[in-house]
Amino acid sequence: MDIKVRYFKPSIGGRLTCTFELIHKGNQTIIIEGKVHRDDGELCAISTGNFSFLEI
C-alpha cells in the first residue's frame, strides 16, 4: 500500500546489514520496519512499509 524510506548516511564500507521487524499484523494488512547499518555500526536508512495481503 505504501513504503517510506528515510536516508541518514551514505552506505560506504564493505558490508551492509539489513534487519527487519514486524510491527503490526492485522487481518488484511501488515506493517514492517527495516533498518540498514554499515559495517562500522552507523545507521544508513530506515524504511517502513504498509502492505495488504491475501491468504490462499
Side-chain angles (χ1 to χ4, degrees):
M1 296 168 36
D2 71 341
I3 296 175
K4 183 174 184 175
V5 180
R6 291 173 290 292
Y7 298 98
F8 302 111
K9 301 216 177 198
S11 56
I12 57 173
R15 180 177 290 228
L16 298 174
T17 302
C18 302
T19 58
F20 76 93
E21 180 180 359
L22 179 64
I23 303 297
H24 171 77
K25 181 176 187 267
N27 291 330
Q28 296 179 345
T29 62
I30 58 173
I31 300 172
I32 297 174
E33 179 182 77
K35 294 181 181 180
V36 179
H37 288 86
R38 300 188 311 206
D39 56 2
D40 64 359
E42 289 289 329
L43 180 64
C44 294
I46 293 177
S47 177
T48 53
N50 186 12
F51 302 94
S52 62
F53 64 92
L54 299 172
E55 292 192 33
I56 299 175

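Computed from a predicted model, the values in this text were never measured in an experiment.
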Review point. Do you know which two heavy atoms are closest between Cys44 and Ser11, and how far apart they sit?
Key: SG-CA, 4.0 Å
Review point. Would the number of heavy atoms belonging to other residues, nucleotides or ligands and lying under 6.0 Å from CZ of Arg6 be above 12?
Key: yes
**Study point:** Shortest non-hydrogen contact from Asn27 toward Phe53
**Key:** O-CZ, 3.9 Å
Exercise for review: Write down the atom of Leu43, the atom of Phe8, and the distance for their closest heavy-atom approach.
Suggested key: O-CB, 3.8 Å
Review point. How many angstroms lie between atom OG1 of Thr19 and atom NZ of Lys35, to the nearest 0.5 angstrom?
Key: 6.5 Å
Point to revise | Pairwise distance CD1(Ile23) to CG(Asn50) - rounded to 0.5 angstrom | key: 11.5 Å
Check your understanding: Any donor-acceptor pair under 3.5 Å linking the side chain of Asp39 with the backbone of Gly14?
Key -> yes
**Study point:** Spatial distance of atom CD1 (Ile30) from atom NZ (Lys25) [nearest 0.5 Å]
**Key:** 8.0 Å
Exercise for review: Test side-chain contact (heavy atoms from CB on, under 4.5 Å) on Leu16 and Arg38 and set out the steps.
Suggested key: CA-CA 5 Å; Leu16 298 174; Arg38 300 188 311 206; 4.2 Å; yes
Point to revise | Approximate separation, where rounding is to 0.5 Å, of Arg15 CZ and Asp40 CG | key: 13.5 Å
Review point. What is the distance from atom CD1 of Ile31 to atom CD of Glu21, rounded to the nearest 0.5 Å?
Key: 11.5 Å
Review point. Between Ser52 and Thr29, is there a donor-acceptor pair closer than 3.5 Å when you use the side chain of the first and the backbone of the second?
Key: no
Point to revise | More than 12 heavy atoms of other groups within 6.0 Å of Phe51 CZ | key: yes
